[in-house]
Amino acid sequence: METIKCRSLPGHKSKIARTFQKVINLKTATKIASNNGIGICMLTSQNKFDQDDDQSSVYSKKIDDVKAKKKAVLDALVAKVFAGITTIKASYAELQMAQNPYCSDAIQAADQAVVEELKQLSQLKRNFLKNDLDHLSPQVTIMLAEIQEQQSLMKTYEITMKKLQREADAKGSEICLLKKRLDDSVAYNRSMEKTLNESGPLSLFDNIQFSNLNPTHFVQFLHFGLRSMRTFVKMMLREMEVARWDIEAAANAIEPDFVYAKPIHRCFVFESFVSKTMFEGFNYPNFTIPNESPPPSMEENHHHHHHHQRLNYSPENYFSKFRKLKSMNPKLYLTQNPTSSFARFARAKYLQLVHAKMECSLFGNLNQRKIVNSGGLPDSAFFTAFLEMARRVWCLNLLAFSFGENINIFQVSKNSRFSEVYMESVTHQYLLDNDGVEADLRVGFTVVPGFKIGKSVIQGQVYLSPATSPMSS
């Protein structure tokens with residue numbers, strides 16, 4: 001039996017298959033648009049619920065896009081508002097700045113800037129209330145708002161800098177004015193001090209007759225002399241500081257291991273050194289200057305005194321010399337009398353007081369010493385201050401011997417009990433112990449020696465400190 005094979009027509013089957021596949025594709029495929037617009041066909045499930053989920057996802061995505069756009073617009077709105085506020089702040093600061101000093105053009109420009117920015121903010125408010133913000137491009141608006149805010153901040157900083165600079169200039173002017181007032185006051189005080197030193201106490205002696213002379217006049221002239229001594233000590237300390245001396249070490253060299261109530265009190269130990277040097281030999285006529293026998297050193301006890309030698313001149317002669325020299329310029333006198341007793345006294349005291357090592361350290365050379373040794377007068381403020389001090393000490397010696405009495409000079413022994421009869425405190429203060437009771441005050445060192453003219457005692461000046469251990473007087 002012959003088998004009959006069914007044969008299809010060539011190409012017929014493939015054509016039907018392609019048509020069928022197309023139908024399947026149309027029914028089972030969905031076209032999805034990519035970012036670049038190229039269609040992509042993907043087979044999807046024929047499940048009905050899957051189709052519903054896909055539609056829901058597209059709808060949700062649209063809602064998210066709308067929300068994102070709305071948020072971006074609101075962010076842009078807020079950025080624009082903040083930028084506007086910063087601009088108003090900068091313009092207001094500029095407005096304030098233009099009022100002092102007054103500048104009408106700057107005031108009008110700043111005022112106009114404030115008004116313009118307020119108008120823009122008002123327009124933004126209206127747009128917001130009407131929900132008409134579609135014209136805002138978020139990215140551009142935020143970028144422009146940031147630029148505006150930075151510019152306004154820069155303007156604010158510039159205004160602040162100008163204000164601070166103006167205040168600094170005003171303070172600088174005030175400082176200059178106050179400095180000028182201070183300089184004027186210092187100059188006036190120096191003038192008053194010079195007048196007081198030169199004519200104040202001395203004017204008391206212009207009408208004093210020899211017959212009316214009394215120890216009160218000696219005390220008055222002593223204080224007059226001590227003022228010039230303290231002026232010289234201050235100048236010497238200033239020179240030491242300029243030369244970068246260790247002031248504490250220098251004070252310790254004069255009074256070893258001494259404890260001061262205050263660091264500033266170290267000046268008294270230098271005053272002690274200067275006064276001891278200048279008053280040495282005071283109890284002798286003309287200080288027993290060179291070519292005479294040297295005086296013994298001063299006794300370190302106020303119960304022992306040095307008596308003067310026999311007077312070279314009468315008391316009237318000493319008083320006459322005192323009146324002549326008390327008002328004379330010392331440089332002029334020494335120029336006219338280079339070989340006088342006072343000239344020899346001044347040279348000897350300077351060389352004794354200002355050691356060669358000190359002079360070299362303070363001034364870098366020994367020029368002043370060489371000039372003094374050769375009989376000249378150095379032209380420096382330091383030597384001028386010394387010379388004025390020397391003149392007053394010399395005049396005080398002349399005045400002392402004008403009384404025609406025995407002249408004694410004394411220093412108080414260290415650790416002696418304080419006695420108001422023989423001494424006074426340079427610090428003018430009471431030292432109290434822990435119980436608030438007056439401490440057992442002892443003499444640390446003598447600052448200015450005491451004097452005794454006949455039976456009259458002129459107190460020495462001492463620096464006091466509390467007793468460290470019980471001692472007998």
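The first residue of the sequence shown is numbered 1, and numbering continues consecutively from there. Just so we're clear, the structure is a prediction, and the values are computed from it rather than from any experiment.
- For Asn329, there are no side-chain hydrogen bond (donor to acceptor under 3.5 Å, both in side chains) partners at least two apart in sequence or on another chain.
- Judged as a side-chain hydrogen bond (donor to acceptor under 3.5 Å, both in side chains), and not counting sequence neighbours, the contacts of Glu116 are Gln112.
- Side chain to side chain, Ser320 and Asn317 fail the donor-acceptor criterion of an N or O pair below 3.5 Å.
- The side chain to side chain contact (heavy atoms under 4.5 Å, CB included) check on Val259 picks up nothing, with sequence neighbours excluded.
- Using a distance-only test at 3.5 Å, with no hydrogens or angles considered, a donor-acceptor pair links the side chain of His217 to the main chain of Asn214.
- For residues 353-363, the set of pairs meeting the side chain to side chain donor-acceptor pair (under 3.5 Å) definition, not counting sequence neighbours, comprises Trp245-Ser361, Tyr350-Glu359.
- Remark: the backbone N or O of Thr446 is paired with a side-chain donor or acceptor of Ser272 at under 3.5 angstrom.
- The side chain to side chain contact (heavy atoms under 4.5 Å, CB included) search around Asp169 returns Gln165, not counting sequence neighbours.
- Between Arg238 and Glu241 there is no salt bridge, since no side-chain nitrogen of the basic residue lies less than 4.0 Å from a carboxylate oxygen of the acidic one.
- Paired with Val233 under the rule side chain to side chain contact (heavy atoms under 4.5 Å, CB included), one option of Phe270, Phe268, Phe273 passes, and it is Phe270.
- In this structure, a donor-acceptor pair under 3.5 Å is present between the side chains of Thr87 and Ser152.
- Judged by distance alone, with hydrogens and angles left aside, the side-chain atoms of Arg442 form no donor-acceptor pair with the main-chain N or O of Leu464 at under 3.5 Å.
- Atom CD of Gln461 sits about 7.0 Å away from atom CG of Leu222, to the nearest 0.5 Å.
- Applying the side chain to side chain contact (heavy atoms under 4.5 Å, CB included) criterion to Met143, with sequence neighbours excluded, gives Ile147.
- Note: Phe319 and Phe403 fail the aromatic proximity criterion, with ring centroids not under 6.0 Å apart.
- In this structure, Tyr318 OH and Asn286 CG are separated by 5.0 Å, a value rounded to the nearest 0.5 Å.
- Between the side chain of Arg391 and the main chain of Lys326, a donor-acceptor pair closer than 3.5 Å is present.
- Residue pairs meeting the ring-ring contact (aromatic ring centres under 6.0 Å, His included) criterion with at least one member in residues 440-461, sequence neighbours excluded, are Phe218-Phe451, Phe258-Phe445, Phe279-Phe451, Phe282-Phe451, Phe445-Tyr463.
- Side-chain atoms of Asn406 never come within 3.5 Å of backbone atoms of Gly454 as a donor-acceptor pair (strictly under, hydrogens ignored).
- In terms of modelled atom types and a separation under 3.5 Å, the side chain of Ser402 and the main chain of Leu398 share a donor-acceptor contact.
- Here Glu167 does not pair with Lys171 in a salt bridge; the nearest charged N to carboxylate O distance is not below 4.0 Å.
- Between the side chains of Gln352 and Glu280, at least one donor-acceptor pair of N or O atoms lies under 3.5 Å.
- For Arg230, the salt bridge (charged side-chain N to carboxylate O under 4.0 Å, His left out) test picks out Glu271, with sequence neighbours left out.
- A donor-acceptor contact shorter than 3.5 Å links the side chain of Gln459 to the backbone of Glu420.
- For Asp183, the salt bridge (charged side-chain N to carboxylate O under 4.0 Å, His left out) partners at least two apart in sequence or on another chain are Lys179.
- No donor-acceptor distance shorter than 3.5 angstrom exists from the side chain of Asn337 to the backbone of Ser340, with no hydrogens or angles considered.
- Partners of Val115 by side chain to side chain contact (heavy atoms under 4.5 Å, CB included), not counting sequence neighbours, listed by chain and number: Asp111, Lys119.
- No more than 12 heavy atoms of other residues, nucleotides or ligands sit less than 6.0 Å from atom OH of Tyr157.
- Taken from CD1 in Ile453 to CG in Leu399, the straight-line distance is 7.0 Å, to the nearest 0.5 Å.
- In this structure, Phe232 CZ and Glu388 CD are separated by 12.5 Å, a value rounded to the nearest 0.5 Å.
- Separating the CG atom in Asn252 from the CD1 atom in Ile247 is a distance of 12.5 Å, to the nearest 0.5 Å.
- The stretch residues 365-383 participates, sequence neighbours left out, in these salt bridge (Lys or Arg N to Asp or Glu O under 4.0 Å) pairs: Lys331-Asp379.
- For the salt bridge (charged side-chain N to carboxylate O under 4.0 Å, His left out) test, residues two or more places apart in sequence or in another chain that qualify with Lys180 are Asp184.
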